[in-house]
Amino acid sequence: MTGKENGRVLLTATGMDLDDWLPPFAGRRDVVLEPDGNADPSIAYAVVWKQPPGILADLPNLKAVFSIGAGVDHVLADDTLPGDVPIVRVVNENLTQHMCEYVAWRVLDHHRRGQTYREQQQSRHWRGHAQPTSDEVTVGIMGFGALGNAVADNLVGLGFSVQGWSRSKRDHVRVICHNGVDGLDPFLTATDILVVLLPLTDQTAGIIDYQLMGKMKPDGPLGGPVLINAGRGGLQTEADILRALDDGTLHEASLDVFETEPLPAESPLWRHPRVFITPHAAAESDPRHLVPPMLDQMDAHDRGEPLKNLADRKAGY
Ligand code: NDP
Ligand code: OXD
């Protein structure tokens with residue numbers, strides 16, 4: 001096959017450079033960056049990151065939309081999205097590995113007092129601090145799905161005590177699992193480091209607020225609770241994070257995602273001495289690893305096989 005025989009792929013994104021996404025499609029499917037006219041019949045699949053609203057509205061032969069990320073909030077934000085088209089999200093070893101690395105890096109940096117030692121280095125101050133072992137620290141993973149489970153396995157391997165919180169009941173041999181609204185308080189009160197890996201939905205928007213941070217274990221071995229958010233910025237209230245940091249409710253934070261991205265230059269988070277910022281880079285979507293399985297799924301679907309890793313549109317993730 002040259003790619004001509006198959007339906008074409010619409011590749012569209014906002015705020016992201018697509019140059020690296022084109023080569024992996026070569027020889028398998030033709031890619032277009034814009035539909036030919038309003039009701040382009042040649043497009044069978046769309047691969048999207050924050051698609052321009054309306055671009056998917058009138059494609060008569062659109063069979064599925066592939067999200068460029070694990071989250072699908074950016075796809076569902078488009079009110080004109082056809083109601084019956086399946087949405088495939090990313091569940092991929094490479095992306096998972098990136099997230100495991102990011103979370104291990106941030107957890108270990110807070111655990112090993114990275115910020116304190118960086119400040120001491122600035123003033124050439126030579127002083128060691130008492131160091132708890134990892135099993136004395138409880139990491140609570142909020143959002144215990146594909147990424148949360150892999151991150152948990154990795155942290156268990158590093159010796160941390162790990163808990164998970166999900167919507168439905170989950171089990172894990174080495175992780176204490178909590179779920180639902182009733183499970184949230186017991187999960188939070190035992191947590192020293194909160195790792196947020198939730199999707200952004202109507203239920204989770206704004207969940208990381210002052211009240212929630214105030215429920216975390218106040219007197220743990222790290223000098224206070226730590227927040228790591230690698231889920232979505234819409235999950236957090238940044239004014240509450242600043243308030244919690246400044247009144248001691250929260251000890252430190254690592255934030256990869258923000259209410260507004262890019263994080264505006266005037267945000268006080270940039271300058272806060274106990275906040276570590278990365279620019280939504282915890283787990284980049286690498287086209288070399290993500291496009292081949294997307295193409296395989298498109299071919300399989302054309303042969304009549306069911307799509308894998310479908311988002312539940314009603315649940316919003
Ligand atoms: P999954 O869908 O596999 O897991 C989501 C988890 O969140 C599940 O455990 C789910 O519960 C839980 N959850 C959803 N809603 C609720 C709720 N209302 N209450 C309690 N738990 C809830 O997603 P992934 O693990 O693949 O990805 C998670 C998120 O990570 C993505 O949606 C995306 O926003 C973010 N992400 C960020 C990246 C970055 O670079 N910063 C990169 C990749 C992803 P249940 O198990 O019961 O379904
Ligand atoms: C994702 C992301 O959802 O990169 O995969 O944010």
Side-chain angles (χ1 to χ4, degrees), residues 13-16 21 47-50 65-77 87-103 105-106 140-154 162-172 175 177-188 194-208 212 227-236 254-259 261-263 276-287 289-290 294 308-317:
T14 307
M16 127 177 213
W21 284 78
V47 173
V48 309
W49 179 259
K50 292 185 196 163
V65 175
F66 285 72
S67 166
I68 278 178
V72 295
D73 50 302
H74 64 100
V75 184
L76 295 171
I87 301 169
V88 179
R89 63 186 207 91
V90 171
V91 178
N92 178 273
E93 263 180 38
N94 180 262
L95 183 131
T96 302
Q97 173 66 18
H98 281 302
M99 187 58 86
C100 288
E101 289 171 7
Y102 168 83
V103 175
W105 171 44
R106 297 321 311 149
I141 302 175
M142 215 175 169
F144 200 52
L147 296 175
N149 268 269
V151 159
D153 288 339
N154 206 35
V162 181
Q163 309 188 83
W165 183 69
S166 51
R167 196 162 65 112
S168 50
K169 191 169 167 355
R170 303 278 166 195
D171 293 308
H172 188 294
V175 173
C177 294
H178 304 266
N179 71 284
V181 177
D182 293 346
L184 186 55
D185 282 7
F187 164 81
L188 290 170
L194 182 66
V195 175
V196 184
L197 284 171
L198 283 168
L200 180 62
T201 68
D202 291 346
Q203 279 70 47
T204 61
I207 194 168
I208 311 298
L212 180 139
L227 168 68
I228 299 174
N229 186 3
R232 281 287 182 269
L235 300 166
Q236 71 198 15
S254 284
L255 304 175
D256 183 58
V257 286
F258 300 90
E259 286 174 32
E261 295 182 4
L263 181 63
F276 188 92
I277 288 177
T278 43
H280 199 143
E284 291 273 0
S285 291
D286 183 337
H289 293 274
L290 300 196
M294 284 178 183
K308 290 182 246 166
N309 306 320
L310 286 175
D312 174 346
R313 287 178 72 148
K314 198 155 161 256
Y317 66 99

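Please read these numbers as outputs of a predicted model, since none were measured by experiment. Hydrogens, waters and symmetry mates are skipped; everything else that's a heavy atom, side chains included, is used. Counting starts at 1 for both ligands and their atoms, in listed order.
- Remark: ligand 2 atoms within the under-4.0 Å shell around heavy atoms of His280 are 2 (C), 4 (O), 6 (O).
- Protein heavy atom in closest approach to atom 5 (C) of ligand 1: Pro199 CD, 3.7 Å.
- The shortest N or O to N or O distance between Ile68 and ligand 2 is not below 3.5 Å.
- The protein heavy-atom contact nearest to atom 13 (N) of ligand 1 is Leu198 CD2, 3.6 Å.
- At least one donor-acceptor pair closer than 3.5 Å links the side chain of Arg89 to the backbone N or O of Ala70.
- Checked by distance only, ligand 1 and Ala283 come closer than 3.5 Å through their nitrogen or oxygen atoms.
- Near Gln203, the atoms of ligand 1 lying under 4.0 angstrom from a non-hydrogen atom of the residue are 18 (N).
- Listed for the Asn309 side chain is no donor-acceptor partner under 3.5 Å among the backbone atoms of Val90.
- Counting only distance, with no hydrogens or angles, the side chain of Asn179 and the backbone of Trp165 share no donor-acceptor pair below 3.5 Å.
- Here the protein heavy atom with the shortest distance to atom 38 (C) of ligand 1 is Met99 CE, 3.5 Å.
- The shortest heavy-atom distance from Thr201 to ligand 1 is not under 4.0 Å.
- Residue Arg170 approaches ligand 1 through these ligand atoms, each under 4.0 Å from one of its heavy atoms: 45 (P), 46 (O), 47 (O), 48 (O).
- Atoms of ligand 2 lying under 4.0 Å from at least one heavy atom of Trp49, given by number and element, are 2 (C), 6 (O).
- The shortest N/O to N/O separation between Val90 and ligand 1 does not fall below 3.5 Å.
- Ser285 contributes a side-chain N or O that, together with a main-chain N or O of Ile68, makes up a donor-acceptor pair within less than 3.5 Å.
- The shortest N or O to N or O distance between Ser168 and ligand 1 is under 3.5 Å.
- Here's the thing with Arg232: one of its N/O atoms is less than 3.5 angstrom from an N/O atom of ligand 1.
- Proximity of a side-chain donor or acceptor of Asn149 to a complementary backbone N or O of Phe144 within less than 3.5 Å is detected.
- Using a 4.0 Å cut-off between heavy atoms, Glu284 makes no contact with ligand 1 at all.
- When only non-hydrogen protein atoms are considered, atom 48 (O) of ligand 1 lies nearest to Tyr317 OH, 2.6 Å.
- Contact annotation for Met142 and ligand 1: no heavy atom of the residue comes within less than 4.0 Å of the ligand.
- Here Arg232 has side-chain heavy atoms under 4.0 Å from ligand 2, and that is the only part of it that gets that close.
- With ligand atoms numbered from 1 in the order given, ligand 2 contributes 4 (O) to contacts under 4.0 Å with heavy atoms of Ala283.
- Counting heavy atoms only, Leu197 comes closest to atom 28 (C) of ligand 1 of the residues Leu197, Leu235, Val91, Val257.
- Pairing each heavy atom of Pro199 with each of Leu235, the nearest pair is O-CD2, 3.5 Å.
- Across all non-hydrogen atoms, the minimal contact from Lys169 to Asp171 is NZ-OD1, 3.3 Å.
- Checking only distances, Arg167 does come within under 3.5 Å of ligand 1, N or O to N or O.
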TODO: Show your working on side chain to side chain donor-acceptor pair (under 3.5 Å) between Gln97 and Glu93 and close with a plain yes or no.
DONE: CA-CA 6 Å; Gln97 173 66 18; Glu93 263 180 38; over 6 Å; no
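- When non-hydrogen atoms are compared, ligand 1 lies under 4.0 Å from the side chain of Asp256 (C-beta onward) but not from its backbone.
- Between Ala230 and ligand 1, a contact under 3.5 Å exists for at least one N or O pair.
- What sits closest to atom 26 (O) of ligand 1 on the protein, heavy atoms only, is Arg89 NH1, 2.8 Å.
- Residues Ile228 and Tyr102 meet the side-chain proximity criterion, which asks for heavy atoms closer than 4.5 Å.
- Rounding to the nearest 0.5 angstrom, the gap separating the CD atom in Gln203 from the CG atom in Leu198 is 11.0 Å.
- On a distance-only criterion, Gly69 and ligand 2 share no N/O pair closer than 3.5 Å.
- Taking every non-hydrogen atom of Gly71 and a distance limit under 4.0 Å, the qualifying atoms of ligand 2 come out as 1 (C), 3 (O).
- Between Ile208 and Met142, the closest heavy-atom pair is CD1-SD, 3.8 Å.
- Taking both residues in full, the closest heavy atoms of Glu259 and Gln236 are given as OE2-O, 3.1 Å, listed atom of the first, atom of the second, then distance.
- Counting the atoms of ligand 1 from 1 in the order shown, those under 4.0 Å from a heavy atom of Ala70 are 26 (O), 43 (C), 44 (C).
- Distance alone, capped at 3.5 Å, is enough to place a donor-acceptor pair between the Thr14 side chain and the Lys50 backbone.
- At a heavy-atom cutoff of 4.0 Å, ligand 2 is contacted by no atom of Ala282, backbone or side chain.
- Considering only non-hydrogen protein atoms, atom 19 (N) of ligand 1 sits nearest to Trp165 CH2, 3.3 Å.
- Ring geometry for Phe187 against His178 counts as perpendicular: the plane angle is over 60°, on a 0 to 90° scale with 30° as the lower cut.
- In this structure, Gln163 and His172 have side chains that are not in contact, with every pair of non-hydrogen atoms separated by 4.5 Å or more.
- The shortest contact between atom 4 (O) of ligand 1 and any protein heavy atom is with Gly145 CA, 3.2 Å.
- Evaluated by nearest non-hydrogen atom to atom 35 (C) of ligand 1, the leading choice among Gly143, Gly231, Ala150 is Gly231.
- Not one N or O on the side chain of Thr278 forms a donor-acceptor pair closer than 3.5 Å with the backbone of Ala282.
- Set against the non-hydrogen atoms of His280, the atoms of ligand 1 under 4.0 Å away are 39 (C), 40 (O), 41 (N).
- Residues Trp21 and Leu290 come closest through the heavy atom pair CH2-CD1, 4.1 Å.
- Scanning the protein heavy atoms around atom 44 (C) of ligand 1, the nearest turns out to be Leu147 CD1, 3.5 Å.
- Shown in contact with Ala70 at under 4.0 Å from a heavy atom are these atoms of ligand 2, numbered in order with element: 1 (C), 3 (O), 5 (O).
- No side-chain donor-acceptor contact under 3.5 Å links Asp73 to the backbone of Leu76.
- The minimum heavy-atom distance linking Leu95 with Ala283 is given by the pair O-CB, 3.6 Å.
- Heavy atoms of Leu200 stay at 4.0 angstrom or farther from ligand 1.
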